[in-house]
Peer 1: 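Quick one: structure below, then a few questions.
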There are 2 protein chains.
Amino acid sequence: MPRMVADDIAVALRDRITSGEWSSLGRLPPERDLAAEFGVARNTVRRAFDSLQRDGTVIRQVGRGTFVARENANTMAATIARMEGTSPADMMEIRQLLEPAAAAFAATNASAGDLDAVREAHEAACAAGEMPDFEQWDAEFHHRIFSCSRNEFLKEIHNLMRILRNQAPWFDMKKRSFSETRRRIYCEEHGAVLAALLSRDPDGARKAMLAHLRTVERNMLGR
Amino acid sequence: MPRMVADDIAVALRDRITSGEWSSLGRLPPERDLAAEFGVARNTVRRAFDSLQRDGTVIRQVGRGTFVARENANTMAATIARMEGTSPADMMEIRQLLEPAAAAFAATNASAGDLDAVREAHEAACAAGEMPDFEQWDAEFHHRIFSCSRNEFLKEIHNLMRILRNQAPWFDMKKRSFSETRRRIYCEEHGAVLAALLSRDPDGARKAMLAHLRTVERNMLGR
DNA sequence: CCTCCCTGTACCAATATTGAACCATTCGGC
DNA sequence: GCCGAATGGTTCAATATTGGTACAGGGAGG
């Protein structure tokens with residue numbers, strides 16, 4: 001069985017841990033034993049454990065052994081779970097931090113094609129009549145600006161925010177705060193951002209985006 | 001026996017992928033095995049895969065294998081998976097965006113107890129002798145500043161970055177760029193940040209943190 | 001004959017696994 | 001308190017697996 005064995009073993013180990021097979025004892029069998037049991041070299045078992053250790057499933061200690069981590073707060077999954085409880089106020093604060101910066105990056109780094117895509121989303125949003133349709137293109141407009149920023153990580157953070165904002169409590173809030181007047185204002189403000197991007201003005205884009213987000217905040221949080 | 005065997009095999013492969021036969025594992029059988037199974041030469045299987053690769057159905061990696069490309073690009077899990085490929089340069093750019101802001105928030109919002117915790121982490125880092133120990137307290141120092149910011153979402157974003165930076169390629173890079181001199185410089189710079197926090201100076205904290213991150217960037221990316 | 005596709009083969013480059021040795025730490029028994 | 005066994009940490013060279021590339025035929029259809 002000489003194919004990507006380490007990954008398979010990592011999966012097997014994870015299963016046996018979550019199924020509680022060793023969880024009661026806390027301590028796992030030594031690497032050498034597991035290597036023998038799986039019929040692979042110890043290095044391979046170690047590589048499997050490396051990945052379990054990275055995501056916090058397991059803790060290793062020289063001379064003592066390998067242990068299943070107690071309910072762990074530092075795993076990716078736990079972090080995401082906590083993010084789902086993000087308050088609208090916190091979210092808006094971070095948007096006002098990230099989006100103006102993304103707009104500034106975009107003004108500098110975007111290709112002509114990128115900007116075309118942004119304009120397309122803007123025009124679609126302006127043309128959209130109803131709330132879900134507008135909502136969709138509004139989000140797309142913002143996301144395409146992040147795509148222009150040429151920072152993949154920034155883009156993924158925005159993706160995360162977008163997913164969070166699509167969950168239940170947010171959706172209600174957006175629906176409540178929506179109105180035809182506001183839609184028109186958003187379109188104008190988007191237009192200002194787009195204009196700054198097209199004229200390659202980072203500072204103008206930053207300011208236009210910030211102004212837009214302040215409007216959004218006022219509408220959603222009523223400040 | 002119709003012509004264009006490669007095309008037929010491409011269709012067959014695509015069917016088996018979309019039917020989910022291998023999609024659960026992610027990894028497809030090696031080309032040599034598939035060639036044997038279909039009773040054709042490996043070159044033919046390769047040409048079939050070429051077309052699947054062109055349209056993004058499949059990803060190939062020398063020495064590892066052929067994998068079905070991830071669908072569901074918009075799920076949380078997929079976003080996280082993409083984040084794991086974040087480049088050090090992109091990550092540093094975002095740190096320079098978020099951490100100075102977090103420091104400024106912290107100077108405004110932290111309680112006395114919060115700042116005590118930051119000082120504790122700072123002193124532990126300065127006292128730590130070896131690389132993993134210092135590394136641990138260094139990360140803790142930064143994280144406690146985010147905790148002071150009173151923005152839960154910001155704190156969780158930093159948590160995410162911290163987890164990503166603990167994964168393999170990053171850890172190697174940090175180990176390589178570590179030196180006693182640099183450790184001392186980091187301690188001094190942390191001290192400056194802490195001083196600004198203690199004197200409740202948001203702008204000073206922002207600037208001190210930015211200066212520190214520029215040093216880190218220089219050391220890690222060699223700029 | 002020429003062209004195109006498939007076959008078969010050989011080798012290259014990247015990655016994974018193996019097997020072994022040695023180190024560092026912990027723990028239990030003397 | 002010391003020693004030895006147990007255990008994770010580290011490193012290295014050798015081997016195996018796998019996709020990437022090139023090339024020399026062979027057979028079918030024009």
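Reminder, nothing fancy here: chain letters follow the sequence lines and each chain counts from 1.
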Peer 1: Rounded to the nearest Å, what distance is computed from the CZ atom of residue A:Arg54 to the P atom of nucleotide D:dG9?
Peer 2: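 To the nearest whole Å, that distance equals 13 Å.
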
Peer 1: Whole Å only: how far is the CZ atom of A:Phe67 from the P atom of D:dT7?
Peer 2: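 Rounded to whole Å, this separation is 10 Å.
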
Peer 1: Considering only side-chain heavy atoms of A:Val62, which listed nucleotide, C:dA13, C:dT25, C:dA16, is closest?
Peer 2: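 Output: C:dT25.
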
Peer 1: For the residue pair B:His158 and B:His143, categorise the inter-ring angle as parallel (less than 30°), tilted (30 to 60°) or perpendicular (more than 60°).
Peer 2: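 B:His158 vs B:His143 ring planes: parallel.
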
Peer 1: Give the intermediate values and the outcome of side-chain hydrogen bond (donor to acceptor under 3.5 Å, both in side chains) for residues A:Asp201 and A:Ser199.
Peer 2: CA-CA 5 Å; A:Asp201 171 10; A:Ser199 54; 5.1 Å; no

Peer 1: Rounded to whole Å, please give me the gap between CZ in B:Arg60 and P in C:dT15.
Peer 2: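 Rounded to the whole Å, the gap is 16 Å.
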
Peer 1: What residues in residues 39-48 of chain B put a non-hydrogen atom under 4.0 Å from any atom of DNA chain D?
Peer 2: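 Heavy-atom contacts with DNA chain D come from B:Arg42, B:Asn43, B:Arg46.
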
Peer 1: Can you check whether A:Arg47's main-chain N or O pairs, donor with acceptor, with A:Ser51's side chain at less than 3.5 Å?
Peer 2: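 No.
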
Peer 1: Nearest whole angstrom, please: distance from the C1' of D:dG9 to the CD1 of A:Ile59.
Peer 2: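 In whole Å, D:dG9 C1' lies 17 Å from A:Ile59 CD1.
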
Peer 1: Regarding B:Thr57 and B:Asp55, do their side chains bring together a donor and an acceptor under 3.5 Å, going by distance alone?
Peer 2: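 B:Asp55 and B:Thr57 do have a side-chain donor-acceptor pair below 3.5 Å.
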
Peer 1: Ring-plane angle category for B:His190 and B:His142, please: parallel below 30°, perpendicular beyond 60°, tilted otherwise.
Peer 2: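 Ring orientation, 0 to 90° scale: perpendicular.
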
Peer 1: In whole Å, I'd like the distance from the CD atom of B:Gln61 to the P atom of D:dG19.
Peer 2: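 Taking atom P of D:dG19 as the reference, CD of B:Gln61 is at 11 Å.
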
Peer 1: If I take atom CD in residue B:Glu31 and atom C1' in nucleotide C:dA10, what distance separates them, rounded to the nearest angstrom?
Peer 2: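 Computing the B:Glu31:CD to C:dA10:C1' distance gives 16 Å.
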
Peer 1: Just how far, in rounded Å, is C1' of D:dG19 from CG of B:Leu52?
Peer 2: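 So the CG-C1' distance, B:Leu52 to D:dG19, works out to 15 Å.
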
Peer 1: I need the CZ-P distance between A:Arg32 and C:dA20, as an integer number of Å.
Peer 2: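 Going from CZ in A:Arg32 over to P in C:dA20 covers 13 Å.
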
Peer 1: Considering only heavy atoms from C-beta outward, does the side chain of B:Arg27 approach that of A:Asp8 to under 4.5 Å?
Peer 2: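 Contact flag for B:Arg27/A:Asp8 side chains = yes.
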
